[in-house]
Amino acid sequence: MNDRIDSVEVLVSSPVRNYVTLRLRTADGLVGLGDATVNGRELAVASYLSDHVGPLLEGLDPGRIEDIWQYLYRGAYWRRGPITMAAIGAVDMALWDILGRRAGLPVYQLLGGRVRDHVPSYGHAFGWEIPQLLDAVDIHLARGARHIRVQSGVPGLDKVYGVSKDLDYEPAGRGARPPEERFDPEAYVRHAPKVLEAVREHAGPDVELLHDAHHRLTPTQAAQLGKALEPSRLFWLEDVTPAEDQEALRFVRQHTTTPLAIGEVFNTIWDCQYLIENRLIDYIRTAVVHAGGISHSRKIYALAEVHGVKAGPHGPSDVSPIAMAASIHMGASVHNWGVQEYMGYPEKVHDAFPHAWSYSDGVLQPGDAAGLGVELDEAVLSSEPYTTAYLPTARRLDGTVLDW
Ligand code: KDG
Ligand code: MG
């Protein structure tokens, strides 16, 4: 029996951007860290952890990882959803961290050991106009990237998902109300093929190109776009339609061979099950923090493996370096792995969460520190207080609400 959990702390702060961090301590002095960040809903998860989960953890055996997962999932009665599953995810990450620290082994070793020499990753290249985008692609190519996500502006629109006027892209806007964007799906569907064609022409045939449609097309528009992008031979086209309309992907599948990736807004295996079992996607995008942690993500990836679907976890800067660590440890040890999204972080975020994992030349390494290999520099972590920030909302040009 392992020593008991005797301290549960929820740290809400904003080193450059908002993060929610869970820290567990055991009576024999071990620490476990978990990420609980849900962009724009941080305080909801913080309360769920502080008010409803933390008190239940005190006195429990941290070695009973699966039992605690089941206890927090089934014992809550009300289940699933981004807030609940991020809270459970943070606890799960922290418990695997404690187990690794106790065993003196990196988490990937506890998960069965390495299956690859490095974890392939992709970063974000964006540009308002095509020449600017091609310059951004060149930067990624120069650093050895083999996978690059490309996003551009759309003529006639002043804001588009994934494109910012400066180098760092943080979609959440500070303030009491979400920023609002206007979007024209039809103009986007007309323009995107020209962009991807220009990038493929510029970058050559070998680099893997990814593109994110970000939930806002109809099934027919998604099918049209997928077909129009076939000459550009994408590695994946992401979130072509709102992920809850799962039958829509069957229609899209019938019209295009462009590989499809969906799932960053999913938070349990039951959200993913239909798409995976019917092979309506090629990559499942759940993030370890949002999908119940390492224990549950492993089950999602195992189901995906049976049906020829690969993992392509969500990894923007709103997934903290702790969750990034957990994802990289899984990327090192899960066979059916596609690619890890790695948007990168501002330097201060790396400083707030000193980590053993590393990025270079387009690939990630988990490092061999015990556990997840992440520590906290509390002075940096708490140097900026949390302030409300919301992801944008979107409307069509006529004012109709649209998925952002
Ligand atoms: O907080 C929301 C972002 O994580 C999301 O918009 C980023 O779609 C995204 C991606 O693929 O990284
Ligand atoms: Mg996305």
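Atoms within a ligand are numbered from 1 in the order they appear, just like the ligands themselves.
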With only distance considered, is Tyr122 within less than 3.5 Å of ligand 1 through an N or O on each side? no
Should Glu238 be listed as contacting ligand 1, given a heavy-atom distance under 4.0 Å as the test? yes
Enumerate the atoms of ligand 1 whose separation from the nearest heavy atom of Leu391 is less than 4.0 angstrom. 1 (O), 2 (C)
Give yes if a backbone or side-chain nitrogen or oxygen of Trp404 is under 3.5 Å from a nitrogen or oxygen of ligand 1, and no if not. no
Could you please give the number of protein N/O/S atoms within less than 2.8 Å of the Mg ion (ligand 2)? 3
Under a 4.0 Å N-O cut-off, is there an ion pair linking Arg285 with Glu238? yes
Identify, by atom number and element, the atoms of ligand 1 in contact range of His314, meaning under 4.0 Å from any of its heavy atoms. 4 (O), 5 (C), 7 (C), 9 (C), 10 (C), 11 (O), 12 (O)
Do Pro171 and Pro392 make a side-chain contact, defined as non-hydrogen atoms from C-beta onward lying under 4.5 Å apart? yes
Taking the six-membered ring of Trp69 (Phe, Tyr or Trp), confirm whether the NZ or CZ of Lys299 is under 6.0 Å from its centre and within 45° of its axis. yes
So, are Glu58 and Arg4 salt-bridged, with charged N and O less than 4.0 Å apart? no
Identified side chain to side chain contact (heavy atoms under 4.5 Å, CB included) counterpart of Leu372 within the set Ile328, Leu33, Ile294: Ile294
When you measure from the centre of the six-membered ring of Phe183, is the NZ or CZ of Arg395 closer than 6.0 Å and no more than 45° off the axis? no
Ligand 1 atoms nearer than 4.0 angstrom to some heavy atom of Tyr161 are 6 (O), 7 (C), 8 (O), 9 (C), 10 (C), 11 (O), 12 (O)
Under 4.0 Å from a heavy atom of Pro316: give me the atoms of ligand 1 that qualify, with their elements. 4 (O), 12 (O)
Show which atoms of ligand 1 fall inside a sub-4.0 Å distance from at least one heavy-atom site of Arg149. 10 (C), 11 (O), 12 (O)
Is the gap between the ring centers of Trp357 and Tyr108 under 6.0 Å? no
Below 6.0 angstrom between ring centroids: does that apply to Trp78 and His52? no
Which protein heavy atom lies closest to atom 6 (O) of ligand 1, and at what distance to 0.1 Å? His214 NE2, 2.8 Å
What residue and heavy atom of the protein are closest to atom 12 (O) of ligand 1, and at what distance? Glu341 OE2, 2.5 Å
